[in-house]
Number of protein chains: 2
Amino acid sequence: MGRQPSAKPTSFDIAYLAGVSQPTVSRALRGSKSVSAATRANIQRIAQELNYTVDKNASSLRSQRTHTLALLFFEDPNPDESMINPFFLSMLGSITRECARRGYDLLISFQQMHNDWHVTYQDSHRSDGIILLGYGDYQLYLTKLEHLVEMGTKFVRWGSVSEDGIGLTVGSDNVGAGEQAGAHLVEIGRRRIAFLGDASDHAPEFQDRYDGLCRAMRAAALEPDPALQRDAVSSEDSGYAAARSLIESGRPFDAVFAASDLIAIGAMRALAEAGLRLPQDVAIIGFDDIPAASLTTPTLTTVMQDMKGAGTLLVDALLARIDDRPVEQRILPARLIRRRSTAV
Amino acid sequence: MGRQPSAKPTSFDIAYLAGVSQPTVSRALRGSKSVSAATRANIQRIAQELNYTVDKNASSLRSQRTHTLALLFFEDPNPDESMINPFFLSMLGSITRECARRGYDLLISFQQMHNDWHVTYQDSHRSDGIILLGYGDYQLYLTKLEHLVEMGTKFVRWGSVSEDGIGLTVGSDNVGAGEQAGAHLVEIGRRRIAFLGDASDHAPEFQDRYDGLCRAMRAAALEPDPALQRDAVSSEDSGYAAARSLIESGRPFDAVFAASDLIAIGAMRALAEAGLRLPQDVAIIGFDDIPAASLTTPTLTTVMQDMKGAGTLLVDALLARIDDRPVEQRILPARLIRRRSTAV
DNA sequence: CGCTATAGGGTATACGTATACGCATAATAT
DNA sequence: ATATTATGCGTATACGTATACCCTATAGCG
């Protein structure tokens with residue numbers, strides 16, 4: 001049988017050249033210890049020479065393992081299609097790197113919550129597991145998660161840890177972070193602190209941040225004023241609108257805690273337009289520490305989440321779940337970054 | 001033969017239920033016209049009921065088509081691992097969406113230029129083609145590209161169009177954009193315009209932007225001063241350093257054209273620290289229109305590239321190349337966004 | 001009314017790898 | 001010296017789909 005130098009080499013080609021059978025090639029390259037060191041070395045040398053690569057599809061089909069993870073982002077339907085929440089992007093960076101480090105490929109997809117991603121990705125054997133990231137219609141989300149659990153799909157999600165029992169969750173210590181932010185505002189003498197961000201159970205993470213704020217206020221013998229809370233999703237426009245509504249209500253406030261930096265940036269614009277001085281009249285704290293936070297005027301005090309740790313933990317947890325190893329929920333610490341918007 | 005309701009259904013299961021053979025199921029679901037409408041409808045109904053999904057691995061293995069594209073980012077080795085160039089991220093958004101629209105999966109990977117990505121992805125049948133994006137050691141890059149061409153790998157890359165013949169390139173009209181920027185600076189009365197960004201053939205896109213600037217200056221009977229050019233890669237720190245070097249040289253200048261917004265933001269910091277007023281003493285223009293550009297003080301005049309068009313074009317071009325359809329290089333227009341940093 | 005064309009679908013097989021088993025040879029135990 | 005176990009590898013086959021090829025029943029056609 002002549003060699004076909006143009007075609008991509010297969011394990012059979014290597015077997016032929018090494019004078020062994022195809023399964024031995026497979027065993028040698030996968031590191032099975034039932035192949036002698038000499039044979040393995042020879043096979044590896046030939047594979048190298050031929051520039052051989054294992055065919056991912058054949059390998060996955062046979063072993064039922066793809067060595068690929070899927071990352072699904074959910075977004076609120078967004079008019080500007082090329083705009084992505086910078087926080088997610090930061091997460092993306094750490095996840096891709098962690099996958100690479102573990103030798104996993106990463107499949108990525110942006111989704112609207114209402115789509116049938118739970119059908120598309122639950123099998124078809126595209127990936128061994130799914131990482132879920134994003135905000136959206138929370139009730140709908142939970143429904144779909146239950147579906148995933150039923151189907152036995154392996155997944156982890158980023159979110160508020162332990163607010164329910166569905167699936168495996170990794171997230172920041174939102175309550176603690178909210179508490180830090182609140183304590184800082186109290187410490188600089190603020191008494192009437194507004195909160196911008198959904199405080200319904202629609203967005204549990206935002207709710208947690210609000211809870212943390214309230215806890216810090218009560219610890220200082222202050223009672224949070226529900227009228228100073230405004231719903232907002234994570235976008236500049238939404239933050240702007242929420243701050244406008246707050247200003248127009250006429251109710252006095254001397255600080256704002258925004259549930260995300262995007263909200264904070266929008267709010268700063270509204271506050272500045274209303275002639276309020278930052279931070280003298282109103283101090284403001286954001287959340288996420290996106291790159292833009294150090295560029296605003298004044299620079300924005302915010303809460304930095306441990307992105308690198310998040311990527312590592314998400315991937316770790318998912319791989320554990322895939323291998324049916326025990327794995328517990330994990331909470332990551334967050335850290336307050338003090339900048340000019342709270343410098344009195 | 002009993003049904004195994006727990007196992008994932010295969011085309012054999014459907015065939016059995018529909019009373020046809022497995023190949024007929026395959027044909028029906030793939031839209032072959034040698035299946036009667038009635039049979040097809042029946043098969044589709046059953047597939048739906050069983051929640052059947054085609055096994056991607058088996059399908060790809062047999063058909064030798066993965067319906068997956070790979071997106072490779074190159075970065076300069078970066079100490080901060082979770083930081084990603086925001087421009088790339090914007091591109092990522094439009095590419096993922098375009099892939100989804102075309103029914104392709106997207107595999108994503110960040111790479112250091114020196115890695116063996118050309119070996120890893122050239123086959124193993126992970127994807128049908130590759131999209132290359134990023135900066136780095138340009139000569140090394142070209143070498144690897146030639147390798148890809150030799151191996152018959154299908155790929156497109158984002159970059160400076162037509163500066164060489166290697167592979168298929170899609171990119172912005174960098175020369176035209178540089179010209180717009182230059183013309184604008186001249187129009188507001190600037191005469192001594194500095195350029196921050198690699199002007200070697202190391203980074204052809206930056207070179208093109210510089211060429212455009214020079215062309216605009218010469219059109220206004222001004223001779224560009226080579227001493228006012230400083231090398232910089234696309235990062236804040238690099239821009240800061242370049243601007244410092246410029247200031248310390250003592251050579252007078254009244255405007256800066258930065259090859260990217262990140263460079264511009266770093267430069268603005270250096271200029272402000274040196275007590276120079278923006279834009280009165282020094283006007284400045286960036287490139288990319290990243291979100292942060294509208295948050296700087298003063299807000300940054302910049303050049304906006306057509307990201308959405310870029311994603312579409314890259315994917316289009318790659319799919320054409322994969323199908324061996326003819327496809328020509330394409331250049332995308334860019335647009336100057338005027339903000340306060342050039343408002344006199 | 002025989003003859004070819006066509007629709008509709010079955011049979012067999014290939015895609016390239018991984019793994020359950022079996023079978024020698026050699027090493028060790030009894 | 002025989003029984004026992006481990007080592008190193010070959011044989012056979014499965015993973016689930018797509019496609020080349022073949023076959024049958026009609027319809028069309030003169």
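We name chains A, B, ... by the order of the sequence lines, and we start the count at 1 in each one.
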Where protein sits on nucleotides 23-28 of chain C, one letter per nucleotide: B base, S sugar-phosphate only, - none, heavy atoms under 4.0 Å: ------
Side chain to side chain contact (heavy atoms under 4.5 Å, CB included) assessment of B/Val170 paired with B/Arg157: CA-CA 6 Å; B/Val170 171; B/Arg157 64 196 175 99; over 6 Å; no
Evaluation steps, salt bridge (charged side-chain N to carboxylate O under 4.0 Å, His left out), between B/Asp13 and B/Lys8: CA-CA 9 Å; B/Asp13 296 317; B/Lys8 323 270 175 184; over 6 Å; no
Residues B/Asp128, B/Lys154; criterion salt bridge (charged side-chain N to carboxylate O under 4.0 Å, His left out); working and verdict: CA-CA 7 Å; B/Asp128 295 333; B/Lys154 318 279 184 164; over 6 Å; no
Working for side chain to side chain contact (heavy atoms under 4.5 Å, CB included), residues A/Trp158 and A/Leu314: CA-CA 8 Å; A/Trp158 176 258; A/Leu314 282 168; 4.2 Å; yes
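First and last contacts of DNA chain D with chain B, using any nucleotide atom under 4.0 Å from a protein heavy atom and ordered 5' to 3', fall at D/dG16 to D/dA20.
Applying the ring-ring contact (aromatic ring centres under 6.0 Å, His included) test to B/Tyr52 and every residue at least two apart in sequence or in another chain returns nothing.
A donor-acceptor pair under 3.5 Å links the side-chain atoms of A/Ser63 to the main chain of A/Ser59, judged by distance alone. No donor-acceptor pair under 3.5 Å is formed between the side chain of A/Ser60 and the backbone N or O of A/Asn57. Between the side chain of A/Gln22 and the backbone N or O of A/Phe12, no donor-acceptor pair lies under 3.5 Å.
Among the atoms of the strands shown, only primed sugar atoms or phosphate atoms (P, OP1, OP2) are found under 4.0 Å from some heavy atom of A/Thr39.
For the contact set between residues 30-37 of chain A and DNA chain C, defined by any heavy atom under 4.0 Å, the members are A/Arg30. For DNA chain D, the neighbouring residues in residues 19-28 of chain B, judged by any heavy atom under 4.0 Å, are B/Gln22, B/Pro23, B/Ser26, B/Arg27.
B/Thr68 and B/Lys56 share a side-chain donor-acceptor pair at under 3.5 Å.
Taken to the nearest 0.5 Å, the NE2 atom of A/His67 stands 12.0 Å off from the SG atom of A/Cys99.
Terminal axes of the helix from C/dC1-D/dG30 to C/dT30-D/dA1 (five pairs each, C1' rotation axis) are separated by 40°, to the nearest 10°.
Heavy-atom minimum distance, A/Arg40 versus A/Gly31: NH1-CA, 3.5 Å. Taking all atoms of both residues into account, the shortest heavy-atom contact from A/Lys308 to A/Ser94 is CA-CB, 3.8 Å. The nearest pair of heavy atoms linking B/Ser11 to B/Val25 is O-CG2, 3.7 Å. Closest of all the heavy-atom pairs between A/Asp316 and A/Glu98 is OD1-OE2, 4.0 Å.
Evaluated for a side chain to side chain contact (heavy atoms under 4.5 Å, CB included) with A/Ile108, the options A/Leu92, A/Leu69, A/Leu72 yield exactly one hit, A/Leu92.
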